[in-house]
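Along the sequence shown, residues are numbered consecutively beginning with 1.
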Amino acid sequence: MSEELFILQHNFDGICRLEDVTKEDLFNLAYRDGITGYYNWAYMWRFLYSKSRIKEEFCFVHFDIKDFKMVNELYGHDLANQVLCMVCDALKNAEDWVFHSCRCDNDNFAMMVKPESEEKLRTRLEQFFDTITVSNIDPQLRIYYRCGVVLVDDAKKWDDRVADLAKFAQRMGKRYNCTEINFYTQGMYEKMLHDKQLVVYLDRAISNDEFMVYLQPKYEVNSERIIGAEALVRWNYMHEKLLPPIAFIPAFENYDVIGKLDQVVLRKVCNQIKIWQEKGLPVYPISVNLSRKRMENKQLREQICSVVDEVGIDHRLIEFELTESASSDDVEFLRSLITELRALDFYVSMDDFGTGYSSLSLLNNMSPDTIKMDKSFVDSIIDKPEDSKECMLVRDIISMTKHLGFQSLAEGVEYKEQVDLLRKWGCNVFQGYYFSKPVPIPEYEQLIRAQENML
């Protein structure tokens, strides 16, 4: 390495000669993270995989910060880096049970810890994460973590794959607004193999036309007439058994192939709308889901338009549902996407509203046509007095949505009690089993024909 390159990489304050560099300087250059000053992955690697690794048995822990991109968006990189430093300080103070720890990259961290039972280690990790849940940049901001753990027996068994297994267990965390600690199991490994088989088979399944679209109607509150539907996918696997979305959607998202399925569903919906138009049937807007992972695709708008315009469908007959949780990754991009989609005459709805802690700030930046209130809120009002906090919260969400000029939709409506209260509070649209479950396209057609015959 040249002296000039060394000085550039080490970021010295001023010019120094190579002969002035100490062993400590070399150590810091090789094994210290430039942002936090804490140990980096190269330091951890020495003990995890090299000959100089510790002789003691250990458990391995890998974790990241949930929605760290959102922290960067809201507070800027300098303040977000303070969160990284807060985590590193906590790692430094955990030397009584941590052999080695580091910041791997971005918002990822790793620990080699003393071997304990799953129960004891879970308790210890919960206490550790509790100490770094309250942010040091904003007392109102709660930081949550997604953690994967490999216990000592598996660490010895898999040896050079221990980090990969911890990351795999870490990716099992799917919830929001909480810290998740997942321990690696053999079942996870078997599931990984199963998911990979599904992903490998995806292209063939598309060629074999194995994916089916079901439609769940949406009902206008006062007239209780169908005014649209949501497209939901089912997999007729090898034309032998029907798989629900939970059996394959997570796998496609994890392996970043969900965009292929999104395009299949969109094309099927557009083709079906074309068929209804040719039959002379009334056509109402159909909503299709845009998966969270697909929000990262910068060519998303072009991909959408290529399908809709090729089939020749009026854009106003298609609505795109974006999950609220997707918005935290890149607020500016999603705001721009919503603006562009609406400018192209597509409808846009924010699905699962209320499940993310950034809900209100997101509405300040985005203008969807519809806010879909998450089923958990609709469920919460059952058997509750109207002055309960659950009812007041739902009523205020509906009121706020109305004041902001958005349409409100309650999903997961299953009981008349919910219908009566939501109608009383001014909700605009219902969706749920009280009116109709998701049905195959022929059954949806029958509902539309029956509705028209009643006029």
- [ ] Taking the six-membered ring for Trp and the single ring otherwise, decide whether the centroids of F47 and F58 are under 6.0 Å apart.
- [x] no
Task: With sequence neighbours excluded, residues passing side-chain contact (heavy atoms from CB on, under 4.5 Å) with V257 - done: V199, L202, F252
Open item on the list: Contact between I318 and L266 at the side-chain level, heavy atoms closer than 4.5 Å - yes or no?
Closed with: yes
Open item on the list: Quick one, I398 and F377 - any side-chain contact, counting heavy atoms below 4.5 Å?
Closed with: no
Open item on the list: I'd like to check L84 versus Y38 (side-chain heavy atoms, cut-off strictly below 4.5 Å). Are they in contact?
Closed with: no
Open item on the list: The criterion is side-chain hydrogen bond (donor to acceptor under 3.5 Å, both in side chains); which residues satisfy it with N40, sequence neighbours excluded?
Closed with: none
Task: Qualifying residues under side-chain hydrogen bond (donor to acceptor under 3.5 Å, both in side chains), relative to W41, sequence neighbours excluded - done: none
Open item on the list: Working to the nearest 0.5 angstrom, can you tell me the gap between Q272 CD and E445 CD?
Closed with: 5.5 Å
Open item on the list: Against S287, only a single residue in Q216, E230, E321 fulfils side-chain hydrogen bond (donor to acceptor under 3.5 Å, both in side chains); can you say which?
Closed with: E321
Open item on the list: Salt bridge or not between R122 and E118? Use side-chain N to carboxylate O under 4.0 Å.
Closed with: yes
Could you pull out every donor-acceptor pair under 3.5 Å between side chains of residues 205-215 and any protein atom, sequence neighbours left out?
residue, atom, partner, partner atom, Å
S207, OG, D203, O, 3.1
N208, ND2, R204, O, 3.4
N208, ND2, E210, OE2, 3.3
D209, OD1, K268, NZ, 2.7
E210, OE1, W235, NE1, 2.9
E210, OE1, M238, N, 2.9
E210, OE2, Y201, OH, 2.5

TODO: Please name all residues satisfying side-chain contact (heavy atoms from CB on, under 4.5 Å) with D369, sequence neighbours left out, ordered by chain then number.
DONE: R342, Y347, V348
- [ ] Rounded to the nearest 0.5 Å, what's the gap from OG on S380 to NZ on K375? Could you check?
- [x] 10.5 Å
Task: Candidates Q170, R103, K167 - the one meeting side chain to side chain contact (heavy atoms under 4.5 Å, CB included) with N108 - done: Q170
TODO: Taking only Lys NZ, Arg NE, NH1 and NH2, and the carboxylate oxygens of Asp or Glu, determine whether E452 and R225 approach each other closer than 4.0 Å.
DONE: yes
Open item on the list: Within this structure, what is the CZ-CG distance for the pair R146 and D67, rounded to the nearest 0.5 Å?
Closed with: 10.0 Å
Open item on the list: Run the side-chain hydrogen bond (donor to acceptor under 3.5 Å, both in side chains) test against Q197 and tell me which residues pass, sequence neighbours left out.
Closed with: none
Task: is_close_aromatic(Y31, Y39), centroid dist under 6.0 Å - done: no
- [ ] Can you see which heavy atom on I371 is nearest to which on F406, and at what distance?
- [x] CG1-CD1, 3.8 Å
Task: Crowding at NE2, H239 (>12 non-hydrogen neighbours, <6.0 Å) - done: yes
- [ ] Please check if the side chain of D195 supplies one atom and the backbone of A251 the other of a donor-acceptor pair under 3.5 Å.
- [x] no
Open item on the list: For the CD1 atom of I249 and the CG atom of N254, what is their distance to the nearest 0.5 Å?
Closed with: 11.5 Å
- [ ] Compare all side-chain heavy atoms of I226 with those of F435 and state whether any distance is below 4.5 angstrom.
- [x] no
Task: Under-4.0 Å salt bridge between E443 and K437 - done: no
Open item on the list: Among I35, V71, I137, T36, exactly one meets side chain to side chain contact (heavy atoms under 4.5 Å, CB included) together with N81. Which residue is that?
Closed with: I35
